[in-house]
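A quick write-up on the structure given underneath.
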Amino acid sequence: MGPIELKRPAEFLRAHLLRPFSVLADFFYPPACSVCGISTGGHRGLCAKCWSGIRFIERPYCEVLGIPFSHDLGAGILSAEAIANPPPFDRLRSAATHDHAVRDLVHGLKYRDRTDLAPMMAAWMLRASDGTVESCDALIPVPLLHRSRMLARKFNQAAELARHMARLSGKPLLAATLMRVKRTSQQVGLGAKAREDNVSGAFAVAKGCENDIFGKRIVLIDDVYTTGATVAAASRTLRKAGAADITVLTFARALSEPI
């Protein structure tokens, strides 16, 4: 082996000088499944049982709403829902269905301050983005919590996912461009119409940030898609501000069975 090349000193330091600290950390905090806690071979991973319970959303699916089809019906096929009620965004993509291990990951990030889960979740979302992140102009997290609720929640889970996606993709993160200007009730437990009314008029583009949106291809990021009321309200605001293309990208999607 020849002499050590010092072209990338940062990588050399991480690989050699920080290794003892990594071993020490593994001793006190051994690698475990991010869902059930059973011992695993590495950090930020799942055990075989939890992994096998995840239903990733892959083609064939509706090109607009991302609803999976049980059979391949051909390229460009839309679901009946997308035809009857076209959404205010251009397309929706989600990494997995909101059940079992995926639900536990969402709850861990959202309610138990498990921000360590965000890098893994963001990587899954990037894989599910169908190339839209690669071709977009910017990432915008939603919902942006009202200031009063932000104090209680400590952080915005959508913004945390968006931050890691920006790091992985190299795309700009516009964390303060879209604002929540109306304090809304919790969406949990509300019906579809009540959810829609609850978030109506809740969003606005920050003053002076209009050029961040006009004519741009935006990827709107959230943790879970249920009825779609929140992302629809946010999308209408972005469309009104002149967004040329809007992709909604979520980690999980509430879905019973493929159609």
Side-chain angles (χ1 to χ4, degrees), residues 14-15 18-58 61 66 68 92-130 132-133 139 141-145 149-150 152-171 173 175 186-188 219-226 230-231 248-257:
R14 280 196 293 269
L18 299 181
R19 185 175 299 164
F21 297 98
S22 177
V23 173
L24 188 63
D26 285 349
F27 177 78
F28 287 103
Y29 302 99
C33 175
S34 297
V35 175
C36 69
I38 192 173
S39 295
T40 57
H43 292 284
R44 296 179 180 174
L46 273 64
C47 68
K49 182 178 179 180
C50 290
W51 178 262
S52 65
I54 294 177
R55 292 194 297 166
F56 289 101
I57 298 177
E58 299 179 332
Y61 50 61
L92 166 69
R93 298 291 183 264
S94 302
T97 59
H98 189 234
D99 51 20
H100 308 302
V102 169
R103 184 186 295 111
D104 289 338
L105 290 171
V106 169
H107 287 183
L109 174 62
K110 192 170 186 175
Y111 301 119
R112 297 195 294 273
D113 298 340
R114 290 287 310 276
T115 54
D116 59 295
L117 299 175
M120 177 181 68
M121 296 166 70
W124 293 7
M125 293 170 69
L126 186 59
R127 174 181 175 274
S129 68
D130 199 20
T132 57
V133 171
L139 308 174
V142 59
L144 300 181
L145 299 170
R149 188 173 295 166
M150 192 70 169
R153 181 67 67 79
K154 303 176 189 175
F155 71 96
N156 178 358
Q157 70 277 4
E160 191 69 10
L161 292 169
R163 181 171 69 86
H164 286 285
M165 288 200 64
R167 177 182 59 82
L168 290 169
S169 66
K171 292 296 181 176
L173 170 62
Q186 291 280 3
Q187 294 280 73
V188 178
V219 173
L220 199 59
I221 295 175
D222 205 358
D223 57 345
V224 183
Y225 183 96
T226 49
T230 299
V231 294
V248 173
L249 178 60
T250 70
F251 175 69
R253 183 201 172 103
L255 191 69
S256 53
E257 296 293 338

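One-based numbering along the sequence shown.
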Applying salt bridge (Lys or Arg N to Asp or Glu O under 4.0 Å) to Arg114 and not counting sequence neighbours gives Asp116
Work out which heavy atom in [X] is nearest to a heavy atom in [Y]; give both atom names and the distance.
X: Ala166; Y: Lys171; answer: CB-O, 3.4 Å
X: Ile221; Y: Met165; answer: CD1-SD, 3.7 Å
X: Arg93; Y: Ala128; answer: CB-O, 3.5 Å
X: Val106; Y: Ala252; answer: CG2-CB, 4.1 Å
X: Cys33; Y: Thr40; answer: N-CG2, 3.4 Å
X: Ala32; Y: Gly37; answer: CB-O, 3.4 Å

Spacing of [atom1] belonging to [X] relative to [atom2] belonging to [Y], to within rounding of 0.5 Å:
X: Leu92; Y: Asp130; atom1: CG; atom2: CG; result: 11.0 Å
X: Asn156; Y: Arg163; atom1: CG; atom2: CZ; result: 12.0 Å
X: His164; Y: Leu117; atom1: NE2; atom2: CG; result: 10.0 Å
X: Asp223; Y: Thr250; atom1: CG; atom2: OG1; result: 8.0 Å

Under the side-chain contact (heavy atoms from CB on, under 4.5 Å) rule, what do Val35 and Lys49 come out as? Steps first, then yes or no, please.
CA-CA 10 Å; Val35 175; Lys49 182 178 179 180; over 6 Å; no
Does Phe155 form a side-chain contact (heavy atoms from CB on, under 4.5 Å) with Leu109? I'd like the steps, not just the answer.
CA-CA 10 Å; Phe155 71 96; Leu109 174 62; 3.9 Å; yes
Do the non-hydrogen side-chain atoms of [X] and [Y] ever get within less than 4.5 Å of each other?
X: Ser129; Y: Val219; answer: no
X: Asp222; Y: Val248; answer: no
X: Ser94; Y: Leu255; answer: no

For Leu168, does the CG atom have more than 12 heavy-atom neighbours from other residues, nucleotides or ligands under 6.0 Å away?
yes
Can you establish whether the number of heavy atoms outside Arg167 located under 6.0 Å from its atom CZ is more than 12?
yes
Got a sec, which pairs hit salt bridge (charged side-chain N to carboxylate O under 4.0 Å, His left out) with one end in residues 96-109, sequence neighbours left out?
Arg55-Asp99
What I want to find out is whether Glu160 reaches Lys110 closely enough, with some N-O distance under 4.0 Å, to be called a salt bridge.
no
Angle between ring planes, Phe251 versus Trp124, binned at 30° and 60°: parallel, tilted or perpendicular?
parallel
Checking His100 now: which residues fulfil ring-ring contact (aromatic ring centres under 6.0 Å, His included) with it, not counting sequence neighbours?
none
